[in-house]
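Here is the structure we will look at.
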Amino acid sequence: MEAKSFSVWDYVVFSALFVISCGIGIFFAIKERKKATSREFLVGGRQMSFGPVALSLTASFMSAVTVLGTPSEVYRFGASFILFFISYTFVIIFTSELFLPVFYRSGITSTYEYLQLRFNKVVRYAATVIYIVQTILYTGVVVYAPALALNQVTGFDLWGSVFATGIVCTFYCTLGGLKAVVWTDAFQMIVMIVGFLTVLIQGSAHNGGLQNVLEQASNGSRLHIVDFDVDPLRRHTLWTISVGGTFTWLGIYGVNQSTIQRCISCKTEKHAKLALYFNLLGLWIILVCAVFSGLIMYSHFKDCDPWTSGMISAPDQLMPYFVMELFATMPGLPGLFVACAFSGTLSTVAASINALATVTFEDFVKSCFPHLSDKLSTWISKGLCLLFGILCTSMAVAASLLGGVVQAALSIHGMCGGPMLGLFSLGLVFPFVNWKGALGGLITGITLSFWVAIGAFIYPAPDSKTWPLPLSTEQCFQSNVTTAAPPELSNRPIIADTWYSLSYLYYSAVGCLGCIIAGVIISFITGHQRGKDVDPLLIRPVCNLFCFWSKKYKTLCWCGVQHDRGTEQDNLENGDAWKQGAESVLQNGLQQESLTHVPGYDPKDKSHDNMALEKMTYF
C-alpha cells in the first residue's frame with residue numbers, strides 16, 4: 001500500500017516525545033551527579049514513592065505490543081481480550097502477597113540473588129542467563145512494533161526507525177539510571193492514555209457514537225466475550241485467558257527483574273505494594289482503551305476490511321492505517337498516536353536495558369570483582385546499559401520473522417517466563433526442594449515449553465481453532481480484492497493437532513508446572529532439603545492459609561522450617577532473623593557481606609523500609 005505522509009505538526013508532536021524523554025535523562029544525570037554510586041544508578045537509592053513507580057510499571061508492560069496488537073486482536077477475534085482483567089487481578093495479588101515480601105525483606109538488588117540464598121550459585125547463574133536471553137528477544141519485538149507503525153504512516157525507513165528508538169532509549173537510560181527510567185515512564189504513560197482517548201473520542205464520534213459502535217460490533221459477533229469451552233487448543237476462551245494468562249503474566253510480573261527492581265526501589269514495602277495495586281488500575285484502563293479501540297476500528301471497517309482486501313500487508317498495520325484515515329484532516333493527531341505507540345516502546349526498552357544491566361552487574365561483575373569502587377561500579381553499570389541497548393536494538397531484526405506482535409511477545413514470555421516462575425515457586429513455597437531439584441526442574445520446564453512453542457511454529461494450529469471471525473470486503477473499491485483462505489495443512493504428525501496446537505497462553509503454564517513437578521520429584525530422589533537449614537525469611541508459608549485452624553498441621557506443612565521462632569516482625573526488630581539464618585546462608589556459598597541484606601522494619605507502619613540500607617557498605 002502507499003504510505004501516507006506526516007504533516008509538519010505531526011513531526012512536531014512526535015519529536016516532542018523524544019526531546020522530553022532525553023531531557024528527563026539529562027536532568028537526572030545532572031541532579032544525581034554527586035550521588036555517583038551503582039546503587040543510586042540501578043535502584044534509585046531505594047527511596048522512590050509509589051506514584052511514579054506505579055505509572056512506570058504500567059507503561060513498561062503496556063508497550064507498543066498493546067497499542068498496536070490488542071486493537072488488532074479485538075478487530076479480528078472479538079472482545080474476549082477484555083477477560084485479561086481477570087488475569088491481571090490474580091497476577092497483582094500473587095505478586096504483592098507472595099513474591100514481593102520475600103524479595104523486599106531480603107534486601108536484594110537482583111531477583112536472582114534470592115536463588116543463591118535459597119539454593120546455590122549454579123541455579124542463580126543458570127536463571128540469570130535465561131533471563132538475559134529472554135529479555136533481549138522480547139525487547140526486539142517491542143522495538144520492531146512501533147517502527148512498523150511509523151513505516152506504515154510516514155514511509156520512513158523501517159530499520160532507521162528501529163535504530164532511532166534504540167539510540168534514544170539507551171541515551172536517557174545510560175545517563176539517568178533508574179530514576180530517569182521511572183520518571184520518563186510516568187510521562188510516557190500519560191502520552192499513551194491521551195493517545196488512546198483521542199482515538200476513542202474521535203473514532204466513536206465518526207462512527208455514530210458509542211452505542212452504534214457496540215451495536216455493529218454485536219452484529220459482527222465481536223461481543224461474544226465469555227466462552228466456557230475448556231478445550232485447551234482454543235486460542236482465546238475464558239479458561240485460556242484467565243488461567244493461561246495468569247501464568248503468563250505472573251512470569252512477567254511476579255519474578256521479572258524489571259518489575260521487582262522498581263518495587264524494591266520504593267522506600268517501604270507498603271509503598272511497593274501500593275505501586276503494584278495502583279499499577280493494576282492502570283492496566284485495566286489501558287486494556288479497556290485498547291479493546292474499545294478495536295471495536296471502533298471494526299465498526300469503521302466492517303464493510304471493507306483493509307487486511308483481506310490487500311490495502312495493508314499485516315494485521316499489526318490495522319491500527320496505524322485506521323488512525324491515518326480517522327485523522328486525515330487533523331494535523332498533529334496522527335503524530336500523537338505514533339507518539340503513543342512509541343511511548344510504550346521507549347518505556348519497555350528502557351526498563352529492559354536497566355534490568356539487564358542490573359542483573360549482569362550484580363550477578364556476574366560483583367561476583368568476580370567484589371571490591372570495586374563506587375565510581376568504577378557506576379561507570380561499569382553505564383557501560384552495561386550501552387551494551388544492552390545495542391543488543392536489544394539489533395534483536396529487532398528477528399522480530400520481523402515472528403508474526404503477530406502480541407502472540408510473538410507473549411510466546412517469548414511464556415517459553416522462558418513459565419519455567420522461571422516455576423523455579424522461584426519451588427524456592428518460596430516448597431522448602432524441601434534442594435538445588436538439584438531446582439536446576440533439574442528449570443531444565444525440564446524450559447525443554448517442555450520450547451518443545452510445544454517450536455512445534456507450534458513449525459506446525460501451526462488448525463484453522464478451526466485460530467481462524468478469525470468473518471471479515472467483509474463488500475464495499476471495497478479495489479478491483480483486485482482477494483479473499484484470504486485458511487492455510488492447507490498436510491503431512492502433519494498426530495502430535496501437531498494436539499500438543500503443538502495448544503493455545504499460546506498455556507506455554508507458561510506448561511513450563512511452570514513442568515518445572516515444579518520435576519523439581520519436587522528430583523528433590524525426593526536425591527535427598528530433600530532439611531527444613532531447619534532453610535532461612536524462614538526465604539520461604540512464604542502459604543500453607544498457613546489452609547491450616548489456620550490447626551497449629552499441628554501448620555507445623556507439619558512447614559517441613560521443618562522454623563517459622564515459630566518468634567514472629568517475623570519480632571525477628572526483624574531485634575535483629576535475630578539474619579543471625580539465625582546465617583548458617584544456612586553461608587552453606588550456600590555467599591560472602592559474609594551478603595548477610596547485611598536485611599532491611600529495617602517499621603512497627604508503627606507495619607512495613608519494611610530501606611532506610612537501614614543507607615548506612616551499609618556495598619562492595
Side-chain angles (χ1 to χ4, degrees), residues 38 42-43 99 102-103 106-138 251 254-261 264 352-372 377 380-381 383-385 387-388 391 412 415-428 433-447 449-450 511-512 514-516 518-519 522-523 526 529 534-535 538 584-595 597 618-619:
S38 60
L42 296 174
V43 290
F99 295 102
V102 174
F103 292 142
S106 61
I108 59 177
T109 300
S110 163
T111 53
Y112 306 102
E113 289 180 65
Y114 168 83
L115 296 176
Q116 184 171 348
L117 287 165
R118 176 65 177 83
F119 300 115
N120 62 14
K121 286 186 177 182
V122 176
V123 178
R124 175 184 182 178
Y125 292 154
T128 301
V129 170
I130 292 172
Y131 170 76
I132 291 173
V133 173
Q134 167 200 358
T135 304
I136 292 175
L137 287 173
Y138 174 73
V255 298
N256 187 285
Q257 171 66 25
S258 183
T259 304
I260 300 301
Q261 183 174 340
I264 63 178
S352 298
I353 291 172
N354 190 261
L356 288 167
T358 300
V359 297
T360 304
F361 180 78
E362 293 290 332
D363 296 347
F364 294 114
V365 177
K366 282 181 67 174
S367 295
C368 298
F369 307 99
H371 302 292
L372 293 173
S377 296
I380 291 175
S381 300
L384 289 171
C385 283
L387 171 64
F388 284 115
L391 287 176
I412 291 171
M415 289 186 289
C416 298
M420 297 292 280
L421 175 62
L423 176 62
F424 280 95
S425 298
L426 285 173
L428 272 79
V433 171
N434 59 28
W435 73 269
K436 296 175 184 176
L439 188 60
L442 178 62
I443 295 172
T444 302
I446 288 287
T447 302
S449 56
F450 269 75
C512 178
C515 176
I516 291 175
I522 294 172
S523 293
T526 59
Q529 179 83 29
V534 179
D535 191 332
L538 303 178
S584 62
V585 173
L586 289 173
Q587 286 176 352
N588 284 325
L590 283 184
Q591 296 179 348
Q592 185 71 32
E593 290 88 352
S594 67
L595 298 177
H597 279 180
Y618 286 79
F619 298 98

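For the single chain, residues carry numbers from 1 onward in sequence order.
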A side-chain contact here means heavy atoms from C-beta on lying under 4.5 Å apart; do Leu117 and Asp535 qualify?
no
First locate atom CZ of Arg118, then atom OG of Ser106, and finally report the distance between them rounded to the nearest 0.5 Å.
13.0 Å
Just jot down the ring pair (Phe, Tyr, Trp, His ring centres under 6.0 Å) partners of Phe103, sequence neighbours excluded, or say none.
Tyr114, Phe424
Non-neighbouring partners of Tyr131 that pass ring pair (Phe, Tyr, Trp, His ring centres under 6.0 Å), sequence neighbours left out:
Tyr112
Flag the pair Trp435 / Leu115 as yes when at least one side-chain heavy-atom distance between them is below 4.5 Å, and no otherwise.
no
Using the side-chain contact (heavy atoms from CB on, under 4.5 Å) criterion, which residues pair with Phe364? Sequence neighbours excluded.
Tyr125, Thr128, Val129, Ile132, Thr360
Rounded to the nearest 0.5 Å, what separation is found between the CG atom of Asn354 and the CG atom of Leu384?
11.0 Å
Considering only heavy atoms from C-beta outward, does the side chain of Asp363 approach that of Glu113 to under 4.5 Å?
yes
So, does Gln257 use its side chain to make a donor-acceptor pair with the main chain of Thr109 at under 3.5 Å?
yes
Excluding sequence neighbours, so at least two apart, what forms side-chain contact (heavy atoms from CB on, under 4.5 Å) with Leu391?
Ile136, Leu387, Phe388
Between Ile446 and Cys416, which heavy-atom pair has the shortest distance, and what is it?
CD1-CA, 4.4 Å
Which atom pair, heavy atoms only, marks the closest approach of Ala126 to Leu439?
CB-CD1, 4.1 Å
For Ser523, what residues pass the side chain to side chain donor-acceptor pair (under 3.5 Å) criterion, not counting sequence neighbours?
Asn434
Locate the shortest heavy-atom distance separating Ala355 from Gln261; write the atom from each residue and the value.
CA-OE1, 3.3 Å
Can you name the nearest heavy-atom pair linking Thr444 to Ala518, along with the distance?
OG1-CB, 3.6 Å
Value rounded to 0.5 Å, distance of CD1 in Ile260 from CD1 in Ile108
8.0 Å
Residue pair Met415 / Ser449: nearest heavy atoms and the distance that separates them:
O-OG, 2.8 Å
Among Thr447, Leu426, Leu421, the one residue meeting side-chain contact (heavy atoms from CB on, under 4.5 Å) with Cys515
Leu426
Distance from Gln134 atom CD to Asn256 atom CG, nearest 0.5 Å?
6.5 Å
Given Leu442 and Met420, is the side-chain contact (heavy atoms from CB on, under 4.5 Å) satisfied, shown in steps?
CA-CA 7 Å; Leu442 178 62; Met420 297 292 280; 4.2 Å; yes
Looking at Val123, is its backbone amide N or carbonyl O close enough to the side chain of Asn120 to form a donor-acceptor pair, meaning the two atoms are under 3.5 Å apart?
yes
The reported gap from CZ in Arg124 to OG in Ser367 (rounded to nearest 0.5 angstrom) is 4.5 Å
How close do Ala127 and Leu423 get, heavy atom to heavy atom, and via which atoms?
CB-CD2, 3.9 Å
Taken in chain and number order and not counting sequence neighbours, the residues that satisfy ring pair (Phe, Tyr, Trp, His ring centres under 6.0 Å) with Phe450 are none
Point-to-point distance, once rounded to the nearest 0.5 Å, from OG1 of Thr135 to CG of Leu356:
5.0 Å
